[in-house]
> 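Before I ask anything, let me first share the structure, which is written out below as structure tokens.
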Amino acid sequence: MRPLHHTQPPPAAQGHTDPLYASVRHLLMKACSNTCSTAAQAFAQLVQPTARFQLALDALLPILVSPRSELPQRILVAYITVLLIRDTPIAINPFKSVLFDTFTKERNAAVQLSGEGKTSDDEQLVWVLWKVLKGDGDHLGPYPPNTLARTSNLVLDEEKVPFDSSQEGAPQHPTPAHRQDRSKLDRLVFGNDVSPEEVEKTQLLSQGLTLLLAARERVLTLSEQRLLGPVIPQLTSPSVLISLDLPLIIAHNPTIATPLLVSLLTLPPSDISSVYLDVLAQLPPTLPTFDILGRLLHDITPATDSITGGKVTVADIVRMEVLGPFLHQCILWLDHAEREERDGLISDDRFAKGVQNLCRFYSALLKVNVVDPASDADSAEIAHFALRNSRFEEANALYRVLASARF
């Protein structure tokens with residue numbers, strides 16, 4: 001197989017507009033404070049196996065070989081290659097030439113600087129690449145790239161890097177030597193006083209990320225929800241999710257979605273947090289959606305106003321920035337469903353159920369004074385919608401309440 005060499009980022013890596021590539025770039029920027037294993041699991045969930053090879057060529061390897069890239073990102077990319085090459089013998093793996101060439105180049109540069117009495121800024125990357133090529137990349141899993149990038153005294157021992165064709169990658173089971181090496185790494189990264197509690201915390205974070213990503217595809221069990229709940233704030237700062245993940249989690253796991261959204265909405269205001277608000281406003285009129293919006297509209301967790309910088313609550317943010325656009329989008333969604341039903345394009349009851357659920361939701365908001373029935377800004381559009389659909393009992397009852405408040 002022809003060796004792979006990259007001397008500069010290809011055009012696809014420089015300005016690729018594919019959402020998947022953008023999501024991977026976002027992951028690499030935000031995940032370096034999480035453990036390497038957590039970030040690699042996020043990558044595996046984000047990128048389908050059939051797409052990983054090409055994406056690695058276009059987006060990962062250019063970061064690894066470029067000295068201009070951030071050191072924690074280069075370390076994370078090196079670790080992710082463990083995921084990509086785990087089942088492939090190193091002798092025939094297509095990434096081996098890039099890994100080894102980068103290792104050799106960075107090691108030689110570090111040696112030259114050392115001879116001049118200087119220290120290389122990338123000596124930690126040399127050590128990480130050595131671990132990966134030696135077959136011990138999995139040892140790096142519990143440690144964040146940011147931490148590894150700041151760790152000093154990482155020394156290469158006399159063991160040869162297993163790069164010749166007779167050696168085929170990492171051993172399948174830990175050996176006493178591997179456990180001893182792992183213990184040394186614990187002391188280097190955490191110090192001599194590393195505690196079992198610290199190790200357990202890292203394991204819980206890793207399990208939590210796995211469950212959070214799985215929540216996009218299936219309903220979590222009660223025990224899984226109890227395990228995930230306490231670590232949600234740590235998984236959202238920085239967030240390992242992208243905006244497209246939220247509707248899936250909401251559809252399958254509204255109980256988990258509520259604390260997840262609270263954590264995201266209480267982060268310091270940014271362009272990313274505004275994206276999450278936009279996602280909420282675009283959700284379809286389903287029972288899980290109404291359940292989550294209702295919970296958020298009663299949540300008094302402190303947050304920061306994105307415009308004034310003043311102190312508000314999650315309920316204030318959702319009331320001011322989400323509720324109006326959400327109701328408008330619900331009405332558009334149901335009008336579209338009604339047209340499809342009239343044209344014979346759908347045969348289910350999504351329109352009828354949607355009208356009933358939306359009217360019940362708004363009636364519940366009226367009862368707790370979240371919206372003002374006498375305010376045109378709050379109630380004019382929903383009043384017209386209820387009147388148009390007054391053949392449904394829930395819509396008829398809602399219209400009577402709104403009309404009585406006006407006249």
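Note that these values count all heavy atoms, side chains included, but never hydrogens, waters or copies made by symmetry.
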> For residues E321 and L277, report the shortest heavy-atom separation together with the two atoms involved.
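Result for this residue pair: OE1-CD1, 3.2 Å.
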> Using side-chain heavy atoms (C-beta onward) and a distance below 4.5 Å, is L220 in contact with T255?
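In short, these two side chains do not touch, never coming nearer than 4.5 Å.
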> Can you give me the closest heavy-atom contact between Q124 and A149, atom names plus distance?
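Shortest heavy-atom contact: NE2-O, 3.1 Å.
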> Which heavy atom of V322 sits nearest to which heavy atom of A281, and what is that distance?
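Taking V322 first and A281 second, the nearest heavy atoms are CG1-N, 4.1 Å.
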> Using side-chain heavy atoms (C-beta onward) and a distance below 4.5 Å, is L211 in contact with V231?
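L211 does not reach V231 side chain to side chain.
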> So, applying side chain to side chain contact (heavy atoms under 4.5 Å, CB included) with C330, which one of P285, P325, P284 is it?
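It is P285; the other options fail the test.
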> Ignoring hydrogens and angles, tell me if any N or O in the side chain of E106 forms a donor-acceptor pair with the backbone of V126 under 3.5 Å.
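It does not hold such a pair.
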> Given S69, which partner from the list I63, L125, V77, L64 fulfils the side chain to side chain contact (heavy atoms under 4.5 Å, CB included) test?
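With S69 as partner, I63, L125, V77, L64 yield a single side chain to side chain contact (heavy atoms under 4.5 Å, CB included), made by I63.
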> Is there a donor-acceptor contact under 3.5 Å from the side chain of N253 to the main chain of R218?
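A pair under 3.5 Å: yes.
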> Kindly indicate whether the side chain of C32, heavy atoms from C-beta on, has any atom under 4.5 Å from the side chain of P144.
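No, every pair of side-chain atoms sits at 4.5 Å or beyond.
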> Verify the neighbour count for atom CD of E70: are there more than 12 heavy atoms of other residues, nucleotides or ligands below 6.0 Å?
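Incorrect, the count does not exceed 12.
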> Under 3.5 Å, side chain of D299 to main-chain N/O of T301, donor-acceptor pair present?
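Side chain of D299 to backbone of T301, a donor-acceptor pair under 3.5 Å: yes, one is there.
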> Is R388 salt-bridged to E338, cutoff N-O under 4.0 Å?
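The answer is no: the pair does not qualify as a salt bridge.
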> What pairs meet the side chain to side chain donor-acceptor pair (under 3.5 Å) rule with one or both residues in residues 370-380, with sequence neighbours excluded?
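Of all non-adjacent pairs touching residues 370-380, those that pass side chain to side chain donor-acceptor pair (under 3.5 Å) are R319-D378, Y362-S379, D376-R406.
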> Tell me whether R295 is salt-bridged to D291, with the criterion being a basic N under 4.0 Å from an acidic carboxylate O.
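Looking at D291 together with R295, the answer is yes, because their closest N to O distance falls below 4.0 Å.
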